[in-house]
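On a predicted model such as this, the values are computed, not experimentally measured, just so you know. No hydrogens, no waters, no symmetry mates; every other heavy atom, side chains included, goes into these values.
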Amino acid sequence: MPSYSIGQAARLLGVSSETVRRWADGGQLRMDRDGAGNRVIDGASLAAFAKERALGQHPVPGEIRTSVRNAFAGIVTAVTLDDVIAQVEIQSGPHRVVSVVSREAVEELGIEVGVEATARVKSTHVHVDRPDARG
């Protein structure tokens, strides 16, 4: 069974080493000591923690119901428009998600740099949603 140092776990979880230490000290993440006395996390425990944490890490704003399970709430960092097609980039925590959608969809949703949006990934398709800005 592989084990991970605090720094390795932090990189895998996309957080700082100090955050991993706080989780361990708070009892949220189980750590053991290796033969040299260093704090380590066994791979199975880290995988389970990452999976549990991911369930609430990127909540979808509003009351949108969908069959798509992989939602990345974030901020739009770039929009490239063509006559018919648009490329939308969203930064969701440590994840950069890029989607190609119609220009019409971008305009209807009011997608522009700096707005909140959610990328939904199902298979090879990325769908972009935006909370209703009016209400």
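Annotation for V97 and A119: closest pair CG1-CB, 3.7 Å, computed over non-hydrogen atoms. Contact record, V76 with A117: CG2-CB, 3.8 Å, taken as the closest heavy-atom pair. Here the closest heavy-atom approach between residue S3 and residue Q8 is recorded as O-OE1, 4.2 Å. The nearest pair of heavy atoms linking D25 to R39 is OD1-NH2, 3.0 Å. Closest heavy-atom contact between I90 and T77: N-OG1, 4.3 Å. Residues V113 and A78 approach most closely at CG2-CA, 3.8 Å, considering heavy atoms.
With contacts defined as side-chain heavy-atom distances shorter than 4.5 Å, the pair E89/Q87 qualifies. Residues Q28 and F49 are in side-chain contact: their nearest non-hydrogen atoms beyond the backbone lie under 4.5 Å apart. When side chains are defined from C-beta on, M31 counts as touching I6, because their heavy atoms get closer than 4.5 Å.
No chain of hydrophobic side-chain contacts below 4.5 Å, direct or via other Ile, Leu, Val, Met, Phe, Trp or Tyr residues, connects V40 to W23. Cluster annotation: I85 and V98 are assigned to distinct hydrophobic clusters (Ile/Leu/Val/Met/Phe/Trp/Tyr, side-chain heavy-atom contacts under 4.5 Å, transitive). Under a hydrophobic clustering in which Ile, Leu, Val, Met, Phe, Trp and Tyr are joined whenever their side-chain heavy atoms come within less than 4.5 Å, directly or via other members, V84 and V101 fall into different clusters. Both L81 and I111 belong to a common hydrophobic cluster when Ile, Leu, Val, Met, Phe, Trp and Tyr are linked at side-chain heavy-atom distances under 4.5 angstrom.
Note: N38 CG to R33 CZ = 8.0 Å, rounded to the nearest 0.5 Å. Taking CG of L46 as the start and CZ of R30 as the end, the distance is 11.5 Å to the nearest 0.5 Å.
Side-chain N or O atoms of R103 include one that pairs as donor or acceptor with a backbone N or O of D82 at under 3.5 Å. A donor-acceptor pair under 3.5 Å is absent between the side-chain atoms of S92 and the main chain of H95, judged by distance alone.
By the neighbour-count criterion of 12 heavy atoms within 6.0 Å, atom CD of E107 is densely surrounded, having more than that number from other residues, nucleotides or ligands.
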